[in-house]
Amino acid sequence: MSYNSTLDGFCGSKFWDSNLTWYTDSPELTPCFQKTVLIWIPCLYLWVTALFDMYYILHSKERNIPWNLLNISKLAITCLLIVVKFVDLGVTVHNSSQDDSIVYNADYYSPIIKIFTFGLSATLLYYNRKFGMRASGVLFFFWLLLILAGLPQLRSEVIRHYQMEDDENVKYNFISYMVYYPLIVLMFILNCFADLPPKDTPYKYEKNQCPESASGFPSRLTFSWFDPLALTGFRRSLTDNDLWALNPPDSSIEVVPRFDKFWERSLMKREDSNGTKATYSKTSASVNFKPESEKQPASILPALCLAFGGQFLFGALLKLINDTLMFLSPQILKLLIGFVEGNEPDWKGYLYAIALLACATIQTLLLAHYFTRMYLVGMRIRTALTSAIYRKSLRMSNSARKESTVGEIVNLMAVDAQRFIELTAYLNMIWSAPLQIALALYFLWGILGPSVLAGLAVMIILIPVNGLIANRVKTLQIKQMKYKDERVKLMNEVLNGIKVLKMYAWEPSFEDQVLKIRNKEMNVLKQTAYLNSATSFIWSCAPFLVSLMSFGCFVLVNDTEVLDSKRAFVALSLFNILRFPLSMLPNVISNVVQTSVGIKRLNKFMNSDELDDSAVEHDPKEPNPLLIENGHFSWGAKDSDPVLKNINLHIPRGSLVAIVGAVGSGKSSLLSALLGEMNKVSGRVNTHGSIAYVPQQAWIQNATLQDNILFGKPLDKHKYNNVISVCALKTDFDMLPGGDQTEIGEKGINLSGGQKQRVSLARAVYYDADNYFLDDPLSAVDSHVGKHIFDKVIGPNGLLKSKSRVWVTHNVSYLAQTDLVIVLRDGEVSEAGTYQQLLEKKGAFAEFLLHHLSDAERTSPEELNEIKQDLETKLGSEFHNKLQRARSLSESNSESDQTAAGDRAGSVKRRTPDDVTQNELKEKNKLIETEKTETGSVKWGVYKHYLMSVGVLASVVTVLMNLVLQVFQVGSNYWLAEWSNDETMIVNGTVDTNKRDMYLGVYGGLGIGQVVSVSVSSLALYVGALRAAGALHDGLLAGVLRAPTIGFFDCTPVGRVLNRFSKDVDVLDNVLPMTLRGWTTCFFAVLGTLFVISYSTPIFLAVIVPIGVVYYVIQRFYVATSRQLKRLESVSRSPIYSHFGESITGASTIRAYGVTQRFIKESERGVDHNQSCYYPSCIANRWLAVRLEMIGNLIIFFAAVLAVLGRETINPGLVGLSISYALQITQTLNWLVRMTSEVETNIVAVERIKEYAETEQEAAWTIAGSGPGSTWPETGALQLERLSLGYRAGEPALRDLTCAVPPRDKLAIVGRTGAGKSTLTLGLFRIVEAMSGKILIDGIDISTIGLHQLRSRITIIPQDPVLFSGTLRMNLDPFEAYTDEQLWRSLEHAHLKNFVKGLPSGLLHEISEGGENLSVGQRQLVCLARALLRKTPLLVLDEATAAVDLETDELIQKTIRSEFASCTVLTIAHRLNTIMDSTRVMVLDKGQLVEYAPPEQLLQDKNSIFYSMAKDAGLVN
């Protein structure tokens, strides 16, 4: 009582009077309380929280909001208030000077405190304006508190004014208060609006600024500033332009340097803690570091904490307040039930109802802002890490680079950095969950005493059980992933080799293989489904078991105490609170563990070796621009063997130096050494001037051709056109659909090898550097183009004649024109000098020349003759056979290169009328159609399709069981209400045990009913969903395998089809069942809640309708917007990763050109763009949460108010029941919308799978009854009658072909590129259907029989050998139709028998993906073996254009001549020397048959096309 008495003295009146305030119908606070506490609280609040504002002011980078009406009026009103308080103080002083009145301290202090506080608020106002803070939460809450604290005084002043009108003092106080109160209300209203934007700001905004900064504080509290975006998203699909720019503090420009600062610091610390252990030795001029293993790696964690910890801690504070408030609701509920039972005055009931509402609302806002804060921190961490990983990957040394694949590094960025976002939101649960559990137990103990422990025991026992199940699920998941990977890998091969599969008619075999794996996968999924339903069984019976145990224990232990409604329902609501933290803890812990693993991986990566920047010096005083002295270089670690030894190079300015040598002699390594890519063991390297680099494997970015050539330089039209023409790209550009604006796919996928090389060269030439490093840029182009490029670019008269050029080459013919030739052998320079000097030595160089004659085969013969003569003198007769062989090979090379460009040209030209505009052209020639992204909501048909796949029974059972479950749940709680209201339980002071046992028994029975219905419903749902997944996948597989090659596979990228098989099928398997389960649970829970509240207070039904409408509207807005935002976010995410993967592959090029900074900027721009899509979707979630929880809070409020109104008629048990249900509804409503949106997002997978399962199909595989006899075709005679073939509607590729091929004839089909040779084979196999005319084999029209009946009776040896991973046996005979003996015989004829015999597992030898573990020649022979095995009377041989080594080639030719002597053989010839002995030649030109006669006859005719082709090939002299 002591402080009361001091305060009584301070005020001169009583401080607290319960009779006046609480036990009364008209509550009032004492004047003393009003003068002290109600004034001190808001003022104290401002003085404490002003620190927050100070922090913002100090850290703000913006300045000077212009003076305007808003801030001037705020300042003016604050000054007015100060004046009013001064007047109050003056009056008080005046009063004290009068003799008759005593003035107490409180009257002095209250105006003085207010004057100072208003002074502080004016100061804050001024500085907020000066430092660009547009809305202050601190001041907003200060004015709000003042208004609330002023309410009681307002009431007393008005009452006093009515009672004692004549008293002077009363009159003055009334007027003064009536001036003061409207002013603070006005100030509060003004504080709801934001100020103008600051004039001085360091930030630039590219697109529309985020409306958050321009919105007032209340709008920020409730996220109303998101409304316009939600509206837009509802009206139409959102696009990138609708999104706002990132807030500057979240963008890379701000976040990255901040993280870097701390990261650099921790790196420095690491260096210090490990001590300066470097030693410098004069002799070798190198620094020796302590071995890496002894170093302690620096961790990114401290740097992250220091950079982003502040925000995180503020969030944690919000969470703490929220957790404490959570336990207020059950206490208020207790009071409310007491109120309904007793007969207290009405106002208390309303007070409780308002308290419930206020408590829930504050919790809602706190949580929303807590999550926003956390996601922001997560976003910033992700930005910082992504950027750090990217920059590190461009600086990594080669040894470090080898340790991880590109995929792994991209994973660090995609998975490990992403984890932080997901974790930050839940990290606080580590302290928050135990706190919540402890508080709940403390309050429960107060209600039920030690009986709580029984309930707690159940919870604790269930945690390990859950853990066990979770572990089991995890192992099953790993197993399922394994099968899924196997299945997707197989699908990948099937899709990549689909053309060959179709020609062999092997689809059924592969379909079975895929389904076999799929069935294994389905078995695992079934087990998972049982486990999942066990989990949901445990979670649903846990809360019930807990309450049953606790209540049971309580009533069985206590003879005198009964379970009344206060106890029962407050305990129930506390148990409900306990549920969440207990279920979350295990998840959070496993998440933390995963993230810590991620951090370990990131640390290892971030601490890996970097390239030594000082390895290459750039001293401009050196006379020669490029120089190496005594260089020893190694790839990899410091101590590994040097690859290059004793290198001494001096390259004068403007000279052309050729580097030659056998494969693997270190030519490319020498360039890398000059670029500083290798580890310099010793020696000195110096370069000065800028560098351009053309790597051996051209590195092409996924951008337009023009961007690839400009490479970040500004466009100079004249120079650009010149570069294109000298690099021989003009014709290629004309052929490409969009010219130089054609978008190049990843890794330059839609360019041929030669085109890629030339683009890479053009980039270097355009870059206009001082030094050029050219790593064999002419290897992939055919010889006449090579000559053009050498003359115009590289050679002594080329564009680059004034530059220093280091040129690695295999091209012999140009060596005479170089200034210096360096011959490398095993990493050392074996000879160096001019061309003539080296020839005279007759050493390594002469040998080298012989090796590479073939490349020069088709350059001008004079040059060739010189070299021939030089060599012939030394080699004599064997020279000729070597040369002959080399010829046929080099010819096939150039042919294949033309083909790549030519075919495309043909197909484009055929389809473009002349008068098409550029853009239409671009659209028209998009071979690959853009993927459909469905917009808007999913059609009902899709749901229907899915439900039909699930099965009617499963669907009905699920729904029924969920209804039954709600009946049991509501029933058991209703029973609890009855039980707690039973007045007749206590008879003569002790409990009536029979009655007690009856109540307890029924309660238990209802619980068992719940448990059973949950298990049945979840099982039915899981099993049904799995059945659907199975059926949909099988449909998809069948649909895709039966799709036509032309019209589906040629215009759908494999990745897109694979995506359906991996991602979408995975959604069906794992995600959809879970989301559907969640959705049904939530939906029925909401129904149950609404039923309970309406039953206990029927008038509530009137409130449901408007609330339902609002709810529905909000939900529609949210789902539409959120779905679009998610799409945009995932679309904007993939460019980050593809750009990253691209940069890692091209790291050496990027470093050579010195454009690292530009690439880093690009990467950061991509990340920022992705974050600007991600941020709105976070806000959308919070926006939704605030709105929905507000609806939930209103439901709580109405339930409470209606209970207060109906207190006469309603029993307290029902009040407890309805409000404890209402307290849960906020969560459930929120989840329901989430789940609805999830279901809608994921059901899209069904739609996409359905789309491919229903694509148009090719003709039937077999036609029953009409098939040809089993021995057809007996002779293999072939007739073409007026045959026209074409790929797409419009121009045919072959026109009016008529000819007959007698049995056992050997027909060669020749023609220039694009003449239609391959089209004819496709027509034979009906991969292209005839437009008109027909093909007869043995007199049967092939269009009348099933595709497999046709394809399995013709044999083809395809151009590029396609093998599938699996055993060798499966590759030869997938249907297992032949015996081992037959297989061995075919292998023997194919010259593979010895090879296969030598393998440890023989026929069961595992072949890796694409046949990687066999050489190209062996793969060709395997295809030959396949053909030998089938041995049908008609063989189609599509000659390999790829340069097969000569031996293999001869073997194949020999075998075909002997083994297929009795068959009709059609050869598509690319090299004429192999078909000179055929019986007839068919020459095609531009799709028409021009010559058809035996080869000897055609060669007689000097004007025939065949003759001119033979002449080109050097077969006729």
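Computed from a prediction, not measured in an experiment: that's the story for all the values here.
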Exercise for the section: Give the C-alpha distance, both sets of side-chain angles, the deciding distance and a yes or no for side-chain contact (heavy atoms from CB on, under 4.5 Å) between Asn428 and Met374. Expected result: CA-CA 10 Å; Asn428 281 309; Met374 289 303 135; 3.6 Å; yes
Exercise for the section: Look at the side chain of Asn398 and the backbone N and O of Glu677, then say whether any donor-acceptor pair between them is shorter than 3.5 Å. Expected result: yes
Problem - Test salt bridge (charged side-chain N to carboxylate O under 4.0 Å, His left out) applied to Arg391 and Asp260, step by step - result: CA-CA 11 Å; Arg391 282 174 313 175; Asp260 271 0; 2.9 Å; yes
Problem - Steps toward salt bridge (charged side-chain N to carboxylate O under 4.0 Å, His left out) verdict (Glu254, Lys61) - result: CA-CA 11 Å; Glu254 292 274 303; Lys61 295 196 177 175; 3.2 Å; yes
Handout entry: Main-chain N/O of Tyr55 paired with His59 side-chain donor or acceptor, under 3.5 Å
Key = yes
Problem - Ile1136 vs Met413 side-chain heavy atoms within contact, under 4.5 Å - result: yes
Problem - Closest heavy-atom pair and its distance - Thr528, Val473 - result: CG2-CG1, 4.2 Å
Exercise for the section: Would you give the length of the straight line joining atom CE of Met326 to atom CD of Gln436, rounded to the nearest 0.5 angstrom? Expected result: 4.0 Å
Handout entry: Side-chain heavy atoms of Phe605 within contact of Ser393, under 4.5 Å
Key = yes
Completion exercise
Scanning both residues in full, the closest heavy-atom pair of Phe226 with Ala1180 reads CZ-CB, 3.5 Å
Handout entry: Check ion pair Asp485-Lys489 (N to O, under 4.0 angstrom)
Key = no
Practice task
Examine distances only and state if a side-chain atom of Gln1171 and a backbone atom of Met379 form a donor-acceptor pair shorter than 3.5 Å.
Solution key: yes
Problem - Test item: Asn247 side-chain N/O and Pro249 main-chain N/O as donor-acceptor pair under 3.5 Å - result: no
Exercise for the section: Keeping the roles fixed (side chain from Lys392, backbone from Ser608), state whether a donor-acceptor pair exists under 3.5 Å. Expected result: yes
Handout entry: Audit row: Phe262, Leu304, side-chain contact (heavy atoms from CB on, under 4.5 Å) steps and yes/no
Key = CA-CA 8 Å; Phe262 293 107; Leu304 287 175; over 6 Å; no
Exercise for the section: Verify the neighbour count for atom CD1 of Ile253: are there more than 12 heavy atoms of other residues, nucleotides or ligands below 6.0 Å? Expected result: no
Problem - Closest heavy-atom pair and its distance - Arg487, Phe1061 - result: NH1-O, 3.1 Å
Handout entry: Ser387 side chain to Glu1164 side chain, donor-acceptor N/O pair below 3.5 angstrom
Key = yes
Completion exercise
Between Leu243 and Cys1173 the two heavy atoms that sit nearest each other are CD1-SG, 3.5 Å
Exercise for the section: Could you walk me through whether Ser634 and Asn679 pass side-chain hydrogen bond (donor to acceptor under 3.5 Å, both in side chains), step by step? Expected result: CA-CA 5 Å; Ser634 71; Asn679 264 333; 4.7 Å; no
Exercise for the section: First locate atom CD of Gln418, then atom OG1 of Thr595, and finally report the distance between them rounded to the nearest 0.5 Å. Expected result: 11.5 Å
Problem - Any side-chain donor near an acceptor of the partner, Arg1165 and Asn1170, under 3.5 Å - result: no
Handout entry: Ring center gap for Tyr390 and Phe1159 short of 6.0 angstrom
Key = no
Practice task
Using a 4.5 Å cut-off on heavy atoms from C-beta on, say whether the side chain of Leu611 contacts that of Arg1151.
Solution key: yes
Exercise for the section: Please check if any side-chain donor atom of Glu1142 sits under 3.5 Å from a side-chain acceptor atom of Asn702, or the reverse. Expected result: no
Practice task
Determine whether Trp699 and Gln701 make a side-chain contact, defined as any pair of heavy atoms from C-beta on separated by less than 4.5 Å.
Solution key: yes
Problem - Shortest non-hydrogen contact between Thr386 and Val1167, atoms and distance - result: CG2-CG2, 3.7 Å
Practice task
Could you check if a side-chain atom of Leu531 sits within less than 4.5 angstrom of a side-chain atom of Gln527, using non-hydrogen atoms only?
Solution key: no
Handout entry: Pair Trp1183 and Phe223, ring centroids less than 6.0 Å apart
Key = no
Exercise for the section: Please check if the side chain of Ser60 supplies one atom and the backbone of Tyr56 the other of a donor-acceptor pair under 3.5 Å. Expected result: no
Handout entry: Side-chain heavy atoms of Phe312 within contact of Leu427, under 4.5 Å
Key = yes
Completion exercise
salt bridge (charged side-chain N to carboxylate O under 4.0 Å, His left out) test vs Glu1129 passes for just one of Arg1133, Lys1126, Arg1127, namely Arg1133
Exercise for the section: With salt bridge (charged side-chain N to carboxylate O under 4.0 Å, His left out) as the test, would you mind laying out the steps for Lys482 and Glu486 before giving the verdict? Expected result: CA-CA 6 Å; Lys482 199 183 82 196; Glu486 258 179 62; 5.2 Å; no
Problem - 4.5 Å side-chain heavy-atom contact, Arg270 and Asn607 - result: yes
Handout entry: Distance, nearest 0.5 Å, that separates CG of Leu229 from CD of Gln1124
Key = 11.0 Å
Practice task
Give the C-alpha distance, both sets of side-chain angles, the deciding distance and a yes or no for salt bridge (charged side-chain N to carboxylate O under 4.0 Å, His left out) between Glu1238 and Arg1234.
Solution key: CA-CA 6 Å; Glu1238 283 284 291; Arg1234 288 281 147 80; over 6 Å; no
Practice task
Would you indicate whether Trp1231, at its atom CH2, is surrounded by more than 12 heavy atoms from other residues, nucleotides or ligands within a distance under 6.0 Å?
Solution key: no
Exercise for the section: Ignoring hydrogens and angles, state whether a donor on the side chain of Asp1168 or Ser252 is under 3.5 Å from an acceptor on the partner side chain. Expected result: yes
Handout entry: Heavy-atom check, side chain of Asp416 versus side chain of Arg601, under 4.5 Å
Key = yes
Handout entry: Under 3.5 Å: donor-acceptor pair, side chain of Asn466, backbone of Thr535
Key = no
Practice task
Keeping the roles fixed (side chain from Arg258, backbone from Ala307), state whether a donor-acceptor pair exists under 3.5 Å.
Solution key: yes
Problem - Euclidean distance, Ile421 CD1 relative to Leu385 CG, rounded to 0.5 Å - result: 10.0 Å
Exercise for the section: For the residue pair Gln480 and Asn1070, confirm or rule out a side-chain donor-acceptor distance under 3.5 Å. Expected result: yes
Handout entry: Verdict with supporting geometry, Arg472 and Thr475, side-chain hydrogen bond (donor to acceptor under 3.5 Å, both in side chains)
Key = CA-CA 5 Å; Arg472 184 86 189 92; Thr475 48; 3.2 Å; yes
Practice task
Look at the side chain of His369 and the backbone N and O of Leu221, then say whether any donor-acceptor pair between them is shorter than 3.5 Å.
Solution key: yes
Practice task
Look at atom CD of Gln697 and say whether more than 12 heavy atoms of other residues, nucleotides or ligands are closer to it than 6.0 Å.
Solution key: no
Practice task
Look up atom CG in Leu1128 and atom CZ in Arg1123, then write down how far apart they are to the nearest 0.5 Å.
Solution key: 12.5 Å
Exercise for the section: Test Ser1132 against His1169 for side-chain contact (heavy atoms from CB on, under 4.5 Å), laying out the working first. Expected result: CA-CA 7 Å; Ser1132 69; His1169 176 55; 3.6 Å; yes
Exercise for the section: Classify the ring geometry between Tyr1175 and Trp244 as parallel (under 30°), tilted (30 to 60°) or perpendicular (over 60°). Expected result: perpendicular
Practice task
Locate the shortest heavy-atom distance separating Met429 from Pro581; write the atom from each residue and the value.
Solution key: CE-CA, 4.2 Å
Exercise for the section: Run the numbers on Asp323 and Leu439 for side-chain contact (heavy atoms from CB on, under 4.5 Å), then give the verdict. Expected result: CA-CA 9 Å; Asp323 285 358; Leu439 279 173; 5.6 Å; no
Exercise for the section: Working to the nearest 0.5 Å, report the span between CG of Asp250 and OG of Ser1172. Expected result: 11.0 Å
